[in-house]
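First the proteins, then the strands, lettered A, B, ... as listed; each starts at 1. Values reported hereafter were calculated over all heavy atoms of this structure, with side chains retained and with hydrogens, waters and symmetry mates removed.
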2 protein chains.
Amino acid sequence: MRKQEMPPAIPAAGEGKRGEEGYLGYLLRQAAGAYRLRVERALDEFGVTQPQFATLTILSAYPGISNADLARLAVLTPQTVSVIVGNLERAGSLVRKPHAVHGRIQHLDLSDSGRALLKKCRERVQKLERELTAGLSANEERAVRRWLVSVAMAGATG
Amino acid sequence: MRKQEMPPAIPAAGEGKRGEEGYLGYLLRQAAGAYRLRVERALDEFGVTQPQFATLTILSAYPGISNADLARLAVLTPQTVSVIVGNLERAGSLVRKPHAVHGRIQHLDLSDSGRALLKKCRERVQKLERELTAGLSANEERAVRRWLVSVAMAGATG
DNA sequence: AACAAAATATAAGAGCTCTGATATCATGCG
DNA sequence: CGCATGATATCAGAGCTCTTATATTTTGTT
């Protein structure tokens, strides 16, 4: 396949601009896309996407949270979260408790089936998570974590 | 806002699970999302998205590439790239040269306006790119780059 | 009490991305 | 030559994500 291109000659993955000399933003996008794909493949059996898994996880840690707070936690817009929550509700993984003390806010909580689903997903994903740190020394992992957090928070209002 | 939640107490950005102790995959997704948003804000004036900018950049480095090779380079599916290319063509930033020596393959190339657009976008993005490395030592930057490449390539066929 | 401001939720429209399916073209094998 | 295989391109359907806009509720000001 792809016999002989005269021009620049397309590099293999991990070489040239595709490798460690490439733009950091480009590498970041590639890494996130590749990992998202691996997560969704691992969770395909359960029909759960990576954003859904993240939402279930947050909901498990902070039950009763509102859509708006969920969006803040996930660094997403409320509209985006509303779509994800809608799909999860349709699948029966979470329930909305519409009213509350306040009128407009809806509290979100995992259903029993949602909790069971999260447990199964978590096992799969933790395997991938371990692979993520496999080749890193303790120092390197710390540097990577610090960097990821700083990138996520740059330009944030808080 | 959000006066007193009894339960776990929602952490501020960069703290607890949202910070350096969180899941690496979660941090990766947040960082990529936040950076993509910054890029698209910076390029909003030109109506160019991050994937479109990446496509223009690749096309500039490898003119005459096919949709399929472009997909391989970008670690995306051919269908995804086809959508992006379609939007860029509609905007007049690239041209398809349908035929070739082979019959089915379409060669892609930047138009003059596409080249001018890329130049303007590149200036904006390079500013963000520099911010990405601001707090990193040379050693740390090397570790981050190596890690991103390894994540992007894990599970790849070749 | 009345109005303004802020927060919450949702809808509409657009782009990105996947999977699965379909059509075209090239090459290799009989 | 005829058919199978593989590569390329595209369509259809689904989910994620953004922006912009709208409706409802709560809160603060007058």
Problem - For atom CD of B:Glu40 and atom P of D:dC18, their distance in whole Å - result: 9 Å
Handout entry: Any A:Gln52 side-chain N or O less than 4.0 Å from OP1/OP2 of D:dG15
Key = no
Fill in the blank from the handout: Rounded to whole Å, CD of B:Gln79 lies from C1' of C:dC16 at a distance of 13 Å
Practice task
Report yes if at least one side-chain N or O of A:Thr80 is closer than 4.0 Å to OP1 or OP2 of D:dC18; otherwise report no.
Solution key: yes
Fill in the blank from the handout: The answer to which of A:Asn67 and A:Gly33 contacts DNA chain C further toward the 5' end, by nearest nucleotide, is A:Asn67
Exercise for the section: When you get a sec, tell me which of D:dT17, D:dG15, C:dG15 is the closest nucleotide to the side chain of B:Thr49? Expected result: C:dG15
Problem - Where B:Gly135 and B:Glu140 come nearest, the two heavy atoms and their spacing - result: O-OE1, 3.9 Å
Practice task
Establish, from distance only, whether the side-chain atoms of A:Arg36 and A:Gln50 form a donor-acceptor pair under 3.5 Å.
Solution key: no
Problem - Pair B:Asp44 + B:Arg41: basic N to acidic O under 4.0 Å - result: no
Problem - Salt bridge B:Glu45-B:Lys120, side-chain N to carboxylate O under 4.0 Å - result: no
Completion exercise
Taking D:dT17, D:dG15, C:dT17 as options, the one with an atom nearest any side-chain atom of B:Leu76 is C:dT17
Problem - Interatomic distance where CG belongs to A:Asp69 and P belongs to C:dT8 [whole Å] - result: 6 Å
Practice task
Check whether any side-chain N or O of B:Ser82 sits under 4.0 Å from OP1 or OP2 of D:dA9, and answer yes or no.
Solution key: no
Exercise for the section: Tell me which nucleotide among C:dT17, C:dA9, D:dT8 gets nearest to the side chain of B:Ala68. Expected result: D:dT8
Practice task
Using whole Å, report how far CG of A:Leu43 lies from P of C:dC18.
Solution key: 17 Å
Handout entry: 5'-most by nearest nucleotide on DNA chain C - A:Arg96 or A:Arg29
Key = A:Arg96
Practice task
Please determine if B:Glu141 and B:Arg145 form a salt bridge, counting it only when a charged side-chain N lies under 4.0 Å from a carboxylate O.
Solution key: yes
Handout entry: Minimum-distance nucleotide (side-chain atoms of A:Arg41 versus C:dT19, C:dG15, D:dT10)
Key = C:dT19
Completion exercise
Taking C:dT8, D:dT20, D:dC16 as options, the one with an atom nearest any side-chain atom of A:Pro51 is D:dC16
Practice task
Measure from the side-chain heavy atoms of B:Arg36 and tell me the nearest of D:dT17, C:dA9, D:dC16.
Solution key: D:dT17
Problem - Side-chain donor/acceptor of A:Gln50 to base of D:dG15, under 3.5 Å - result: no
Handout entry: Atom pair distance, as rounded to whole Å: CZ in B:Arg72 and P in D:dA9
Key = 9 Å
Handout entry: Residue pair A:Leu73 / A:Ile65, side-chain heavy-atom distance below 4.5 Å
Key = yes
Problem - Proximity to the side chain of A:Ser66 - top-ranked nucleotide from C:dA9, D:dT19, C:dC16 - result: C:dA9
Problem - d(CD1, A:Ile84; C1', C:dA9) in whole Å - result: 15 Å
Practice task
Write down the distance between CG (B:Leu88) and P (C:dG15), rounded to a whole number of angstrom.
Solution key: 11 Å
Fill in the blank from the handout: Of C:dC18, C:dT10, C:dG15, the nucleotide closest to the side chain of B:Asn87 is C:dG15
Handout entry: Integer-rounded Å distance: C:dG15 P and B:Leu37 CG
Key = 17 Å
